[in-house]
Amino acid sequence: MKDWDKIAIAKIKKTVEAPEGFIRLSGPLEHDNIVNGDGLRAVIWTQGCPNNCPGCQNPETWDYEAGFLASIDEVMERLAKFRGQTGLTFCGGEPFVQAKACKEIADRARKEFGWDIWSFSGFTYEQIKQAGGEAWEFLKSLDALIDGPFILAQKDLTLKFRGSKNQRLLRLERKSGKIISIE
């Protein structure tokens, strides 16, 4: 294992502190979003990111203690009011430092609304898999993952759903986490 993978795994395991049944958000829930995944999507903006990528479009989401706490039940009540959505996307911040809460919301949104589930992450698929635990369990609940840190020198505005050339759109087999395709 390379040193940067060890560092990434340690970062994944440094989770945002929130009471059981709560998630720390950086902003309001969105609906009718067409830029963070296929179809018309609801978006959850998580708070806290250890990567601090230069050029990040959301640096206000980095602080683990900023944003606000919301109960998962409250999030689900709000999501239930969004009509016409086909999926839910977790953005950030870094959703994988709140993997347990994100997985609970993902599982409930799939069951209650029939939505597909996507997430962005500044970590790679391989780093999340190596970290295991709650992060891997959240990944296994996804239909798609956009992985990898934003790299300003590789910024490319022509890429669909990605900001830099190093990032990948991974279509996943739900429950196993197996990669089906890479875009």
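Salt-bridge check for Asp156 with Arg162: failed, with every basic side-chain N at 4.0 Å or more from each acidic carboxylate O. Under the 4.0 Å criterion applied to side-chain N and carboxylate O atoms, Arg78 and Glu74 are assigned as salt-bridge partners. Ionic pairing of Asp143 and Arg171 is not present here: no N-O contact between side-chain nitrogen and carboxylate oxygen is shorter than 4.0 angstrom.
Residue-environment remark: NZ (Lys129) stays at or below the threshold of 12 foreign heavy atoms within 6.0 Å. Around the CD atom of Glu17, the shell of radius 6.0 Å holds no more than 12 heavy atoms that belong to other residues, nucleotides or ligands. At most 12 heavy atoms of other shown residues, nucleotides or ligands fall within 6.0 angstrom of atom NZ in Lys100.
For the pair Asn166 (side chain) and Pro149 (backbone), a donor-acceptor distance under 3.5 Å is present. The main-chain N or O of Gly67 is never found under 3.5 Å from a side-chain atom of Ser26 such that the two would form a donor-acceptor pair. Listed for the Gln167 side chain is a donor-acceptor partner under 3.5 Å among the backbone atoms of Gly148. Under a 3.5 Å cut-off, the side chain of Gln47 and the backbone N or O of Asp63 do form a donor-acceptor pair.
Heavy atoms only, all atoms of each residue included: Gly92 and Thr61 are closest at C-OG1, 3.4 Å. Across Leu79 and Ala42, no two heavy atoms sit closer than the pair CD2-CB, 3.9 Å. Here the shortest heavy-atom pairing between Ala135 and Ile128 reads O-CG2, 3.7 Å. Contact record, Glu94 with Pro50: CB-CD, 4.1 Å, taken as the closest heavy-atom pair. The shortest non-hydrogen separation linking Val75 to Ala70 is CG2-CB, 4.0 Å.
Put simply, the side chain of Glu183 does not reach to within 4.5 Å of the side chain of Arg168, judged on heavy atoms. Between Lys103 and Glu137, some side-chain heavy-atom pair lies under the 4.5 Å cut-off. Proximity of Ile44 to Ile105: side-chain heavy atoms (C-beta onward) are separated by under 4.5 Å at one or more points. Phe120 places none of its side-chain heavy atoms less than 4.5 Å from the side chain of Val43. With contacts defined as side-chain heavy-atom distances shorter than 4.5 Å, the pair Trp62/Asn51 does not qualify. Two residues are said to be in side-chain contact when any heavy atoms from C-beta on lie closer than 4.5 Å; Arg108 and Phe113 fail this criterion. Side-chain contact between Leu145 and Ser121: present, with at least one pair of heavy atoms (C-beta onward) separated by less than 4.5 Å. The shortest side-chain heavy-atom distance between Cys53 and Ile151 does not fall under the 4.5 Å cut-off.
Connection of Phe150 to Ile7 is not established within any shared hydrophobic cluster, with ILVMFWY side chains joined at heavy-atom distances below 4.5 Å, either directly or through further cluster members. Tracing side-chain contacts under 4.5 Å through hydrophobic residues (I, L, V, M, F, W, Y), one never reaches Ile180 starting from Leu169; they form parts of separate clusters. Both Phe90 and Leu29 are members of a single hydrophobic cluster when ILVMFWY side chains are connected at heavy-atom separations under 4.5 Å.
Separating the CZ atom in Arg24 from the OG1 atom in Thr15 is a distance of 12.0 Å, to the nearest 0.5 Å. Between the CD1 atom of Ile117 and the CG atom of Leu88 there is a distance of 4.5 Å, given to the nearest 0.5 Å.
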Q.
Please determine whether ring pair (Phe, Tyr, Trp, His ring centres under 6.0 Å) holds for the pair Phe138 and Phe96, giving the CA-CA distance in whole Å, both sets of side-chain angles, and the decisive distance to 0.1 Å.
A. CA-CA 8 Å; Phe138 173 44; Phe96 283 84; 4.8 Å; yes
Q.
Is there a side chain to side chain contact (heavy atoms under 4.5 Å, CB included) between Arg41 and Asp116? Walk through the geometry before answering.
A. CA-CA 9 Å; Arg41 307 190 73 76; Asp116 68 329; 3.1 Å; yes
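In this pair, Tyr125 and Trp136 present their aromatic rings perpendicular. The plane angle is above 60°, beyond the 30 to 60° band. Between Phe161 and Trp118, the angle of the ring planes goes over 60°, which puts this pair in the perpendicular group of the 30/60° scheme.
No hydrogens or angles considered: a donor-acceptor pair under 3.5 Å links the side chains of Trp45 and Glu30. In summary, the side chains of Asn33 and Gln85 do not present any donor paired with an acceptor at a separation below 3.5 Å, with no hydrogens or angles considered.
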